[in-house]
Amino acid sequence: MSEPAKKKRKVLLIGWDAADWQVITPMIEEGLMPTLEGLINRGVMGNLATLQPILSPMLWNSVATGKFADKHGVHGFIEPDPVNGGARPYTSTSRKCKALWNILTQSGLRSNVVGWWASHPAEPINGNIVTNAFAATRFDPEHGWRVPIGSIHPMAKGEMLASLKVFSAELTEAHILPFIPNAAKIDQQADTRLTSFAKVLSDAATIHSVATALMETEEWDFTAVYYDAVDHFSHAFMAYHPPRLEWVPEEDFEMYHEVVRGAYRFHDMMLERLLQLAGDDTTVILCSDHGFESGPQRPRGTPREPAGPAVWHRQFGIFVIAGPGIKKDERIYGASLIDVAPTVLTLFDLPIGEDMDGRPLLEAFDDPPRVKTISSWETKSGEAGMHPEGTTVDSGQAQELMQQFAALGYIEDLEADKPKQEESADIESKYNLARLLAWKNQPLRALPLLAEIVHRRPWEERFLRQLAITHFQAGHLRQTERIIHAISDNGEPTDAPLILLLARVKIARGQFGEGLQGLLAAEAANPRLPGIHTQIGDSFAGLLQWEKAKAAYEKAVALEEENAFAWQGLSTVNRRQGFNQQTVDAALRAVSLLHRLPLAHFNLGVALARSGDLERARVAFETALTFQPGMVNAHRFLARLHAGENEKAARHHRQEIQRLLRLRPQARSETSERSEKLFDLPEIPSRKERMETLLKERPDPPAPEARTGKAFILVSGLPRSGTSLMMQMLEAGGVPILSDGERVADVDNPKGYYEWEAIKQIANKPELLDAEGLDGRAIKCISMLLPKMPLKHNYKVIFMTRPIEEVVQSQQKMVERLGTAGSKLDREELGRGLAGHRSETLAMLKNAPHMKFLEVDYPSLVAQPAAIVPKIIEFLGRERLPKAEAMAGVVDAALYRRKSSG
Amino acid sequence: MKQQLRRGSQTVSFPKSRWIAYATAGVATAACGVTAAEAQITYSGPVNAFFATGSGVVQTFNLTGGAVLRFANNATTSCGGAAIFRNEGAAVSNMFRGVASGAFRYPENVASNAVISAGAFAAFNGAFFATLAYGNGFGGSQFLNPGVGFIGFSFNTGAGTQYGWARVNMQGSPGNAFTLVDYAFGDPGVMIRAGQTAVPEPGSLGLLAVGAAGLVAWRRRRKVAVAQNS
């Protein structure tokens, strides 16, 4: 060894989706999150500004790549499935650029990546990946563990990692009571919230177990773990978080008000273990992609549209960094989640791609390192552990994730046919991308996308509005007006956002009187949206109406204290009114929330210069110019500040002023040409027609009974639980059976007689049950298939149960005989898997609106058939069992056969 | 809002030990994950001691380390009976949840399931009892109406503050006869709720938080428990 080994830097990146200081801060004050508190004390903390639109897959891929979604290519939850048609969750094959783990692989470093959004299928990196599809790991009664294909790299670890899957059914009251102290009082038939709670908690425990196992057993330089539970718990339970909202029933509040806080506490406990495994010499970054409304701003409902639940998301997530070389007990301002990847690269002393959109957060370092750059990592050759060209994805594995998205309200009806799913995925992706581009102030790139989706769906209000706003952003005033009139009844807007937009058009045209009237009308509508008040304030400010502007900004701040744009506006008003101290306060407040606000930096500079603090003023003006190089007034101030001291700098700024001023007349003529230009616009249906079309597309969930006229009887349960016996009984009772052996009775194989092989394909062929004459038949259906039965029919499920130990005995013989993966499992593992699977199935049955079920205990049935038969009659209805009196006899006969053959 | 984000040098008002106890004695560390000393709640079991109006008999109920609860119903100077309570005998402190008003002490009628420690506590006035209910009503009495209520108390015998509750069934003013139904108290650091009689299966949530090692340990522990039960 030529030189002493340098101590290697390790980085642990932890993602807590939707974690928010507004919940955390009071909890730390109460001492309820001691681990996070300790981390903050030995590190640097701050807000992490999110990006738009606030959709987790887009955001976490920006965290992992340091690039906006237009570069990384993950544009939402689902994408069209090029292999099978329809839609699928966004996959790692759709990511267009390298993630941190690819760059690290290329740099000879080893990573663990667990649970990351759109990391499925796992890339062949140097290290381990357990993808976001791993949670779908199931225990199959016939085949043992089934880990979704592609969810683990390297696959050899499948069996070990699968055993770390925590079933919701494994959770006991000891796990649940700290969150829901009165859980025992919940009527689980009527209230399904406990079931969803247990699912989220067990999924979090699974991710955590996998992450800790990898950290303990693997060499690593970088570990990235993503937990979605705070987001899921918040979506399900934030409505019950204290203080009680007036529309939340008191009993619900009493039952569930501790869940969100409990979730944060649990994460604090998990954090403690992660820190312990990481050790003190690891740099830890904890972040969230956005916050979550927890106060009076909580929305009353959730829009019934794809990604509608995002209305709960707040603009600021959390950021904490701690470790060797990081400042202690400090705050950081203006960080964005796009900055995380460049910061991680800097920690590893690796160059940052100049095509990355973020910056390293150097202010967090004790001794800021020199930042290296490289034009792009994308063109750098070398093994980066990415998918080989042409990698395809097994989309069947993604079904679980799709169901989860649908349950959370992020995507539309799963029952839709494939072309409709594909269409929906395509349109949503384009809409999301367009919103990002508009947010990045690139309206001209957003407009073609919006124009396309408006042509395809001219009845979608949200697309039309985004189109109007984006045209306004682009300076297309006439087109903006045209759209506003087209989507308003009688041509005149009636709601605050549209009234405001029209007023802004008028002001931009110089029609100040009309514009002012519009602003007053928008304000009179008193919308509860802080963004509207900020825009009203900006417009009043444009008209030099300072007091009115101030009132509007103050309204925005009253609604949302962390509205950076409102604080920026207040700093402008105060500057114009000559209040230096207030200007400084408001401007600092604004940039501490969002660093990229050139006007706020400018205002700060002016107030500082006025109060004689010239050195700081210079820094503020220069910062303003880094974000907006064409800001003439900042150059003016800097020219004056440098005059006589640094003549070279002063000259530079004077030259810039001249150059920018020369450009202006040209800019003006372009502006007027642009403002009057008209663009293609399809015919927009009337508001009433638009609403009708939308309601038809997204109807209220139908009542279970109204869903369809068809009803099937399913006999289900774990294998070897007496399903064949029940089928025999039903047949004897007069129920028509659907099976392969329908007309060919095979007395030697009564079990085979009841099988209907085709049903195994029901997930891919839902039309199987559509054929004439099948209504009302009884079908034997293994438990794995129950969740896959088409939602459009109704089912009465007779679910056979039998003591797990008996099933295990019987199963183990079978798997040994078959020599499948399951045979490697010991009895205990098999029993746990079977019990977990059965409980999950029963939980699913309890919650499925299209299924009613009756649990029948096999030993009881055998012992006392006469006692069970009436229950079956009651469940199915006497009319379905014309020969019910013959049913009990089947059991006796079966017993007789067994006795006589034994 | 961010201005309120406190920085690390401030002290916390909630000891870490209580946090750990909260999470069902959860332990998020591997070292103690498997064999953590499990914090306990001591429950009296049914007591059902009756205090007749004006009987004047003081009954004592043991806590731990010399600390006791005392109850009585004394005759009043006006009409009916006075239901009274105190806890005493702990070396460091004896307190109750409620308020001091001049020389008088009034325990709060704590809601079922409320966290006992999450309220205001007051010390006793010398050797005097605190008043649950006095005749037709006196000052801040909260136990005048018939029905079941909870008294919250704390004591410290030197091992740290312990919280507990006592459940009383009042018969109403002015007689204020009552029954002490039962009571319970937690070990130092245990968060106890009014009516809670046990810490549910200690450590389970903490073991989940430990991750893989904790999961394995918890499954093993549960298997043992199941085997013992059968």
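The figures here come from the full heavy-atom set of this structure, side chains too, leaving out hydrogens, waters and symmetry mates. In what follows, every chain begins at residue 1, and chains take the letters A, B, ... in the order their sequences are listed.
Under the side-chain hydrogen bond (donor to acceptor under 3.5 Å, both in side chains) test applied with A:E218, the options A:T223, A:N128, A:N112 reduce to a single match, A:N128.
With contacts defined as side-chain heavy-atom distances shorter than 4.5 Å, the pair B:F121/B:T161 does not qualify.
When heavy atoms are compared at a cutoff of 4.5 Å, A:V210 does not approach chain B at all. Contacts of A:E170 with chain B are made by both backbone and side-chain atoms, with heavy-atom separations under 4.5 Å. For A:A213, the parts sitting under 4.5 Å from any heavy atom of chain B are the backbone and the side chain alike.
Heavy-atom pairs under 4.5 Å with chain B peak, among A:S202, A:A204, A:S209, at A:S209.
In this structure, B:F185 has its ring center no closer than 6.0 Å to that of B:Y163.
Because its NZ or CZ atom is both nearer than 6.0 Å to the ring centre of B:F124 and within 45° of the ring axis, B:R86 counts as a cation-pi partner of that residue.
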